[in-house]
Amino acid sequence: MEPEKELKLRFRFDKVVSKPVDAIQKSCEKLKSSVEPDYRIKITELYIRFSIGMLQREKYSPNLKITLEKMEDGNTYIKGIYGPDPVLWFFFMFLHGVVALVFLIFTAVVYSKWSLGQPFKFDLMVMLTMTIIWFLLYFIARLNRSKGISQMKELEELFNKVIED
């Protein structure tokens, strides 16, 4: 795993392990009590969520969400995704939506004013500002992700304990 080189904000991976789903869930249950204050492990049906405990959590702390799928040969197909705290991710997506909405509204205003022969310099400036804010949001997200890489690797080690146990 090399998240530093990934362009995506949410790093994904796939893995096939020769351990059945039930054994993976039991390993999680066993590990859950031993790492409780430092890490949180939440198990629901075929989903497992690893996160940093409240004492070590920062605004950039990642989560690891695992989806388990039973295969016909008894193995387990694992899909994992690293991402920020769900509340932070929602807020981040909300800001993107607001920026896109303002950009689209001012695009319509610019077109209308252009069609009517009215000046639209201010409206173009707002569109340019929204574009700059959009790029700024992306780079802030990349910066936060890079701050959380050490914790991402800790979660990966925790996940590897579960599948190797």
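Checking side-chain atoms of S18 against main-chain N and O of N75 turns up no donor-acceptor pair under 3.5 Å. Of the possible polar contacts, one joining the K19 side chain to the V162 backbone as a donor-acceptor pair under 3.5 Å is found. The main-chain N or O of V21 is found under 3.5 Å from a side-chain atom of T76 such that the two form a donor-acceptor pair.
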Decide side chain to side chain contact (heavy atoms under 4.5 Å, CB included) for I81 and F11; before the verdict, give the C-alpha distance in whole Å, the side-chain angles of both, and the deciding distance to 0.1 Å.
-> CA-CA 6 Å; I81 183 168; F11 183 69; over 6 Å; no

Check against salt bridge (charged side-chain N to carboxylate O under 4.0 Å, His left out), E58 and K147 | CA-CA 10 Å; E58 298 289 337; K147 287 180 182 177; over 6 Å; no

Applying side chain to side chain contact (heavy atoms under 4.5 Å, CB included), run through I52 and R40 and close with a yes or a no.
-> CA-CA 6 Å; I52 303 296; R40 280 186 48 213; over 6 Å; no

Is there a side chain to side chain contact (heavy atoms under 4.5 Å, CB included) between V16 and I78 once you walk through the steps?
-> CA-CA 6 Å; V16 175; I78 298 174; over 6 Å; no

After noting the C-alpha distance and the side-chain angles of L124 and M127, does the key distance pass the side chain to side chain contact (heavy atoms under 4.5 Å, CB included) rule?
-> CA-CA 5 Å; L124 280 177; M127 288 174 61; 4.2 Å; yes

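One distance of note links NZ of K161 with OG of S27; it measures 12.5 Å at 0.5 Å rounding. If you take CG on N144 and CG on D85, they are separated by 11.5 Å, rounding to the nearest 0.5 Å. Rounding to the nearest 0.5 Å places CD of E69 at 8.5 Å from CG of L46. Separating the NZ atom in K32 from the CD1 atom in I43 is a distance of 5.5 Å, to the nearest 0.5 Å. Rounding to the nearest 0.5 angstrom, the gap separating the CD1 atom in I149 from the CD atom in E154 is 12.5 Å. The distance from atom CD1 of I24 to atom CD1 of I163, rounded to the nearest 0.5 Å, is 7.0 Å.
In this structure, S51 and N63 approach most closely via the heavy-atom pair CB-OD1, 2.8 Å.
Taking hydrophobic clusters as Ile, Leu, Val, Met, Phe, Trp and Tyr residues chained together by side-chain heavy-atom distances below 4.5 Å, Y138 shares a cluster with W89. The hydrophobic clustering, which links ILVMFWY residues whose side-chain heavy atoms are closer than 4.5 Å, places I140 and F135 apart. The same ILVMFWY cluster, assembled from side-chain heavy atoms under 4.5 Å apart, contains both Y82 and V35. Under the 4.5 Å side-chain contact rule for hydrophobic residues, V109 and M125 do not share a cluster. The same ILVMFWY cluster, assembled from side-chain heavy atoms under 4.5 Å apart, contains both L95 and W134.
By the neighbour-count criterion of 12 heavy atoms within 6.0 Å, atom CD of Q118 is densely surrounded, having more than that number from other residues, nucleotides or ligands.
Between M152 and L64 there is no side-chain heavy-atom pair separated by less than 4.5 Å. Contact annotation: the side chain of D14 approaches that of Y77 to within less than 4.5 Å [non-hydrogen atoms, C-beta and beyond]. At a threshold of 4.5 Å between non-hydrogen side-chain atoms, the residues I48 and F50 count as touching. Between I41 and L31 the shortest side-chain heavy-atom distance falls below 4.5 Å. Residues R49 and I66 are not in side-chain contact: their nearest non-hydrogen atoms beyond the backbone lie 4.5 Å or more apart. Between K26 and E29, every side-chain heavy-atom pair lies at or beyond the 4.5 Å cut-off. Two residues are said to be in side-chain contact when any heavy atoms from C-beta on lie closer than 4.5 Å; K153 and P62 fail this criterion. Counting only heavy atoms from C-beta outward, the side chains of V102 and I133 never approach each other to under 4.5 Å.
Between W114 and Y111, the angle of the ring planes lies from 30° to 60°, which puts this pair in the tilted group. Using a 30° and 60° split on the angle between ring planes, F90 and F94 fall in the parallel class, below 30°.
Under a 4.5 Å side-chain heavy-atom criterion applied to ILVMFWY residues, the cluster that includes L116 comprises that residue alone.
Here T44 pairs with K42, Y47 under the side chain to side chain contact (heavy atoms under 4.5 Å, CB included) rule; sequence neighbours left out. For the salt bridge (charged side-chain N to carboxylate O under 4.0 Å, His left out) test, no residue two or more places apart in sequence or in another chain qualifies with K15.
A distance below 6.0 Å separates the ring centres of F13 and F159.
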